[in-house]
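Step one of this worksheet: look at the structure below.
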Amino acid sequence: MNILKDFLLQLTLIVIPIFIYFTFITERVKSDKNKNVIMSILWGISILLCMSFPVSYGENARLDLRFIPLLFGTLYLGYFPGVFLSALIIFFRLYFGISLGFYNTVFVLLLSLPVIFYFQKSFARSKKDKRVKIAVGLSFYYCLLGLTFFGVLNGFSFDHMSVQIIHLIFVVVVTWLFIILSEMIREIQVLRIEVQNSEKFRVVSELTSVFAHEIRNPMQVTRGFLQLLNDPDLPSKKKEYIQISIEELDRANEIIDDFLLFSKPDINNNKKVNVGYQLERVINIIQSYSLNHNVEIKTDILYNCWIYANPQKLNQSLINILKNAVESMPDGGIVWITCTTADDGYIKINIKDQGIGMTNKQIDRLGTPFYSLKEKGTGLGMMISFQIIRSFKGKIIVNSEKGTGTEFIIFLPQESQTERTAI
Ligand code: ADP
Ligand code: MG
């Protein structure tokens, strides 16, 4: 019974780093390199803990689940973490003294590490089912090696062997469980990113037809003026026509730039962002869509509002909110957008419409996946906006009255700006 208790403690010592990683690290740490370093350290801690509280039996043997963090660390993170974790095991085992158990550890590691390295590449390329097979196979191989070495060094007595066999079964089953668990969590994460992207591209494709129209306008205006310029009896207005044509082309260029910026895949880097400037870009993108819906956008924007954020994501969340504001007014109306500094070091963005409004119950459901009252809605826009604002450590307050309109107040932590850098 004590042995079982010890094995269960070992299990807990491995679960903790996995949960710490998926709860606190994946969302907050953006760079893959940093994530790998943190995960290697967590697996390292898990190895130290597993080895510090081993399954107690016999004098020379320390049975524990150290292999699982080593296996997962190597398969998911690569060679260097694998070498780091193996070295950690050897040095920490050395600390407990040089005994038969120490030689056992070193021999088994020396024989199993190359095999794990060999399978690491195909593991990284494989799908879930094959990954499970590789991990379980490797863990079986490692335990079998351990069991054989142990037998050779200590003799194949029934007492010793039975614990070794329990160890083998336990390690293999735990590997199987954990690999399935971590693959499932990974799948959910990938799905979440895909949902975010697909919603973004849906918005892009919805805006595209009006966008094309908006590009055609300046082109037609320019074409008209070019035709006029072609006239040899052109009056003195030549300069003015050229100026208007250039301005129209610049405008078309600006719209294309903003659109490309919006539809570009996300790059995970936060930087100092001028909120006023981003709002202007967002309004540029949504302008033609709102005109099509007879909606006028009025702004009062302070340009000295800086936050630390990913500009593309900020734009995406603002566009989702603005698009809803426009869509809430089927007969047209006005959307007010203001941006000011608030108390407590926050930037306050206010987006207010004169639309259909929402009841308190509807406000409560806002941001839950697939909640939509629109015929062709996806109910993902708000969820994504909320997620993005939360990731910038901001908050959103929604005030709404049925039949009167809705107000979104977004607070974002201000970044003190000493020098004005480009965005
Ligand atoms: P979708 O726009 O695809 O329906 P969203 O997540 O963007 O999905 O919005 C969810 C729902 O929230 C909308 O269907 C709408 O009923 C409501 N909503 C969001 N913003 C507003 C607003 N400004 N005015 C009224 N209702 C809104
Ligand atoms: Mg929407």
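Keep in mind that what you see is a predicted model, and the values were worked out from it rather than measured. When a ligand or atom number is given, it counts from 1 through the structure's own listing order.
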Checking a contact table here: which protein heavy atom is nearest [atom], and how many Å away?
| atom | value |
| --- | --- |
| atom 3 (O) of ligand 1 | Thr378 N, 2.8 Å |
| atom 7 (O) of ligand 1 | Asn324 ND2, 2.8 Å |
| atom 15 (C) of ligand 1 | Lys374 CE, 4.2 Å |

Could you check, using the six-membered ring where one of them is a Trp, whether Tyr303 and Tyr277 have ring centers closer than 6.0 angstrom?
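No, ring centres 6.0 Å or more apart.
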Main-chain N/O of [Y] paired to [X] side chain as donor or acceptor, under 3.5 Å:
| X | Y | answer |
| --- | --- | --- |
| Gln362 | Thr359 | yes |
| Arg131 | Ser126 | yes |
| Gln10 | Asp64 | no |
| Gln354 | Ile334 | yes |

Which is it for Asp353 and ligand 1 at heavy atoms under 4.0 Å: side chain, backbone, both or neither?
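Only the side chain of Asp353 comes within reach of ligand 1.
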Counting heavy atoms under 4.0 Å, the part of Ser328 that contacts ligand 1 is side chain
Kindly compute the distance separating [atom1] ([X]) from [atom2] ([Y]), expressed to the nearest 0.5 Å.
| X | Y | atom1 | atom2 | result |
| --- | --- | --- | --- | --- |
| Leu318 | Ser385 | CG | OG | 7.5 Å |
| Leu75 | Leu70 | CG | CG | 9.0 Å |
| Asn315 | Ile286 | CG | CD1 | 11.0 Å |

Give the numbers and elements of all ligand 1 atoms closer than 4.0 Å to a heavy atom of [X].
| X | answer |
| --- | --- |
| Ser372 | 1 (P), 4 (O), 14 (O) |
| Met382 | 5 (P), 6 (O), 7 (O), 9 (O) |
| Tyr371 | 10 (C), 11 (C) |

Could you enumerate the protein N, O or S atoms under 2.8 Å from the Mg ion (ligand 2), written like residue then atom name?
Asn324 OD1
Centre of Tyr346's six-membered ring, under 6.0 Å away, within 45 degrees of the axis: is that where NZ or CZ of Lys395 sits?
yes
Of [options], which has the heavy atom at the shortest distance from [atom]?
| atom | options | value |
| --- | --- | --- |
| atom 14 (O) of ligand 1 | Ile384, Leu373, Leu366 | Leu373 |
| atom 24 (N) of ligand 1 | Val326, Thr406, Leu380 | Thr406 |
| atom 21 (C) of ligand 1 | Gln354, Gln362, Met358, Lys352 | Met358 |

Ring geometry between Phe72 and Phe178 (parallel below 30°, tilted from 30 to 60°, perpendicular above 60°):
perpendicular
Thr406: what forms a side-chain hydrogen bond (donor to acceptor under 3.5 Å, both in side chains) with it, not counting sequence neighbours?
Ser400
Please assess Tyr76 against Ser182 for the test side-chain hydrogen bond (donor to acceptor under 3.5 Å, both in side chains), listing each intermediate value before the final yes or no.
CA-CA 10 Å; Tyr76 280 111; Ser182 67; 3.1 Å; yes
Mark the output for Gly379 as yes if a heavy-atom distance to ligand 1 is under 4.0 Å, and as no if none is.
yes
